[in-house]
Amino acid sequence: MRWIDGSEIDIRQFTGEALCEKLAAELWGNAYEQWLECADFIQAASFLIAFDTELTMEGIFTFLENSIGHYAPDIVQAFRAIGDSNDADVLEEICRIAPPDVMRGEFLSGNYQEYDITSFNDDHELTEEAEARILELNEQLYLYSGFDIWPLLFKYLDEQIEKL
């Protein structure tokens with residue numbers, strides 16, 4: 001199986017938790033595009049680890065403005081894959097209010113063509129109401145609600161590895 005750096009790896013030697021540890025240690029030396037060349041379950045883990053790191057270190061607004069925000073649909077899909085529909089729904093709503101591509105002044109993905117135009121003022125900045133709503137939604141994400149996504153991710157990975 002293809003690893004994030006393009007090398008071949010025997011994933012069956014890992015548990016879900018050990019695979020996450022390996023990903024966390026090796027993820028950042030590789031471009032996001034390389035992640036997309038890996039198996040879906042490796043992508044899901046990669047995007048959740050990256051999202052967690054960004055959210056922990058920089059917060060939701062930086063996530064929306066940084067390049068990882070471009071992959072919000074992949075992160076939503078990863079949440080759904082592990083069985084976490086709450087965080088998937090919350091992140092989708094945040095991105096509907098403030099699409100990452102719009103936040104960067106770009107339309108890279110085309111995934112957010114329909115967004116709440118009233119979220120932005122005449123200077124193309126988020127309104128106070130939109131910022132407040134995003135912060136309210138942000139508090140519902142696992143990192144702030146006390147919900148632990150990691151056992152879900154480990155179990156999902158264990159199941160995927162078992163299928164190989």
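On a predicted model such as this, the values are computed, not experimentally measured, just so you know.
The structure places CG of D89 at 9.5 Å from CD of E93, a figure rounded to the nearest 0.5 Å. Taking CG from D40 and CD from Q77, the interatomic distance works out to 7.0 Å, rounded to the nearest 0.5 Å. Of the inter-residue distances, the one linking N86 atom CG with F147 atom CZ reads 7.5 Å to the nearest 0.5 angstrom. Once rounded to the nearest 0.5 Å, the distance linking CD1 of I9 with CZ of F14 reads 4.0 Å.
Using a 4.5 Å cut-off between side-chain heavy atoms of Ile, Leu, Val, Met, Phe, Trp and Tyr, with links allowed through other members, L164 and L153 fall into the same hydrophobic cluster.
The minimum heavy-atom distance linking I49 with C20 is given by the pair CD1-O, 3.7 Å. Across R2 and I42, no two heavy atoms sit closer than the pair O-CD1, 4.1 Å. Taking each heavy atom of A50 and L27 in turn, the nearest pair found is N-CD2, 4.3 Å.
None of D52, V76, D74 except one satisfies the side-chain contact (heavy atoms from CB on, under 4.5 Å) rule with F47; the exception is D74.
Ring-centre distance between F51 and F63: below the 6.0 Å cut-off.
With hydrogens and angles left out, the side-chain atoms of E58 and N66 include no donor and acceptor closer than 3.5 Å. Counting only N and O atoms by type, the side chains of E33 and Y71 include a donor and acceptor under 3.5 Å apart.
When the shell of 6.0 Å around CD of E128 is examined, it contains 12 or fewer heavy atoms from other residues, nucleotides or ligands.
Using a cutoff of 4.0 Å between basic side-chain nitrogens and carboxylate oxygens, E159 and K163 are not scored as salt-bridged.
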